[in-house]
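Working notes for the structure below.
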Amino acid sequence: MTELLFREDPYLQSCEATVVAVHPEGVELDRTVFYPLGGGQAGDTGKLGQWRVLDTRKGPNADSVLHVLEPGASVSPGDKVEIQIDWDRRHRLMRYHTALHLLGAVVKAPVTGGRIAEDKAHLDFDIEMEKLVKDEIEARLNELVSSPVRTRVTWVTDAELDARPDLVKTMSVAPPRGEGRVRLLEIPGVDLQACGGTHVKNTAEIGRLAVARIRSEGKRNKRVTLTFAA
């Protein structure tokens, strides 16, 4: 198991770590600040020692993380390394991920999927197209952003989550399990749901948002894409 430092402090940008194993798919460390692809959020990039980390993926076991290095990189088990994420990119992902929690609170419909990239983010909803009004969604999002709320992370047991199905908002993404407890992200008065991603401390950090596009992705999926307003 890798110590996932980003779970407790998503603002931690670097740390020292020890190489535990080197797999064809990536390097496993004893601890990491790198968030692996999951929950719709892109994996982190950055540096591991002198080498570039091109992507971060989940390993085969619970809480194992694989750091995908640039071609030609060479590390060995036991090596002590300094690792550092590309902070500007990560912070954009954190802002977008938190913004999607706001979007899910504004659009009252089941969420069927979503994705967070560094230049945009979207959620898919099971809703009729005519109910998605761009200007209304955008206005409500920016109203929420302009009324700063401090986010809060708490934990519940697997059993508590099973007893509260309302805490799982995304139909296509199961919350991360494996250690007997599940992480919740709360935006008091706005949203509360199981989520293992990284988020900003305060909704004011998100900045103004724009609804870039609303389009149909099939009978049950209507996609709302957000960008940061210029």
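Worth saying up front: this structure is predicted, and the values here are computed from it rather than measured.
Under a 3.5 Å cut-off, the side chain of Arg183 and the backbone N or O of Gly197 do form a donor-acceptor pair. Judged purely by atom type and a 3.5 angstrom limit, Arg95 uses its side chain to pair as donor or acceptor with the backbone of Ile206. The backbone N or O of Val200 lies less than 3.5 Å from a partner atom in the side chain of Thr98, making a donor-acceptor pair. Checking side-chain atoms of Ser146 against main-chain N and O of Glu143 turns up a donor-acceptor pair under 3.5 Å. Judged by distance alone, with hydrogens and angles left aside, the side-chain atoms of Lys108 form no donor-acceptor pair with the main-chain N or O of Gly104 at under 3.5 Å. Of the possible polar contacts, one joining the Glu138 side chain to the Val211 backbone as a donor-acceptor pair under 3.5 Å is found.
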Enumerate, atom names and distances included, each donor-acceptor pair closer than 3.5 Å involving a side-chain atom of residues 36-49, sequence neighbours excluded.
| unit_1 | atom_1 | unit_2 | atom_2 | d |
| --- | --- | --- | --- | --- |
| Gln41 | OE1 | His97 | ND1 | 2.6 |
| Gln41 | OE1 | Thr198 | N | 3.4 |
| Gln41 | NE2 | Thr198 | OG1 | 2.9 |
| Asp44 | OD1 | Arg90 | NE | 3.2 |
| Asp44 | OD2 | Tyr35 | N | 2.7 |
| Asp44 | OD2 | Arg90 | NE | 3.0 |
| Asp44 | OD2 | Arg90 | NH2 | 2.7 |
| Thr45 | OG1 | Asp86 | OD2 | 2.6 |

Donor-acceptor pairs under 3.5 Å, side chain of residues 69-81 to any protein atom, not counting sequence neighbours: which ones?
| unit_1 | atom_1 | unit_2 | atom_2 | d |
| --- | --- | --- | --- | --- |
| Glu70 | OE2 | Arg52 | N | 2.7 |
| Asp79 | OD2 | Ser76 | N | 2.8 |
| Lys80 | NZ | Thr18 | OG1 | 3.0 |

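Counting all heavy atoms, side chain and backbone alike, Asp63 lies closest to Arg7 at OD1-NH2, 3.1 Å. The two atoms that bring Ala17 and Arg31 nearest to each other are CB-O, 3.5 Å, heavy atoms only. Taking both residues in full, the closest heavy atoms of Phe125 and Leu103 are given as CZ-CG, 3.9 Å, listed atom of the first, atom of the second, then distance. The minimum heavy-atom distance linking Ala194 with Val182 is given by the pair CB-CG1, 3.9 Å. When all heavy atoms of Leu144 and Val106 are compared, the closest pair comes out as CD1-CG2, 3.8 Å. Pairing each heavy atom of Trp87 with each of Pro10, the nearest pair is CZ3-O, 3.6 Å.
For Glu130, there are no salt bridge (charged side-chain N to carboxylate O under 4.0 Å, His left out) partners two or more places apart in sequence or in a different chain.
In this structure, the side chains of Leu184 and Leu192 come closer than 4.5 Å at one or more pairs of heavy atoms. With contacts defined as side-chain heavy-atom distances shorter than 4.5 Å, the pair Leu185/His101 qualifies. Counting heavy atoms from C-beta on, the side chains of Thr151 and Ile187 come closer than 4.5 Å. Using a 4.5 Å cut-off on side-chain heavy atoms (C-beta onward), Asn142 and Leu209 make contact. A 4.5 Å side-chain heavy-atom check between Glu82 and Glu16 finds at least one atom pair inside the cut-off.
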With salt bridge (Lys or Arg N to Asp or Glu O under 4.0 Å) as the criterion, how do Glu160 and Arg164 come out once you've worked through the C-alpha distance, each side chain's angles and the decisive distance to 0.1 Å? CA-CA 6 Å; Glu160 288 172 323; Arg164 291 279 310 276; over 6 Å; no
Test log, rule salt bridge (Lys or Arg N to Asp or Glu O under 4.0 Å), inputs Glu118 and Arg92: CA-CA 6 Å; Glu118 60 184 300; Arg92 290 177 67 86; 5.4 Å; no
For Leu102 and Val190: C-alpha separation, side-chain torsions, deciding distance, then whether side chain to side chain contact (heavy atoms under 4.5 Å, CB included) applies. CA-CA 7 Å; Leu102 299 183; Val190 179; 3.8 Å; yes
ask   = Going through the distances and angles, do Leu141 and Leu226 end up as a side chain to side chain contact (heavy atoms under 4.5 Å, CB included)?
value = CA-CA 10 Å; Leu141 286 172; Leu226 302 181; 3.7 Å; yes
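Separation of atoms CG (Asp9) and SG (Cys15) is listed at 11.0 Å; rounding is to 0.5 Å.
One hydrophobic cluster, built from ILVMFWY side chains closer than 4.5 Å, cannot hold both Leu66 and Val22; they sit in different ones. By the rule that hydrophobic residues join a cluster once side-chain heavy atoms approach within less than 4.5 Å of another member, Leu4 and Leu29 end up as members of separate clusters. With hydrophobic clusters built from ILVMFWY side chains whose heavy atoms lie under 4.5 angstrom apart, Met1 does not share a cluster with Phe6. A continuous path of ILVMFWY side-chain contacts below 4.5 Å connects Val53 to Leu93, so both sit in one hydrophobic cluster.
His67 pairs with exactly one of Thr56, Thr32, Thr2 by the side-chain hydrogen bond (donor to acceptor under 3.5 Å, both in side chains) rule, that one being Thr32.
In this model, no donor atom of one side chain and acceptor atom of the other lie less than 3.5 Å apart for Asp126 and Thr112.
No more than 12 heavy atoms of other residues, nucleotides or ligands lie within 6.0 Å of CZ in Arg115, so this atom counts as exposed by the packing criterion. A 6.0 Å sphere centred on NZ of Lys134 holds more than 12 heavy atoms belonging to other residues, nucleotides or ligands.
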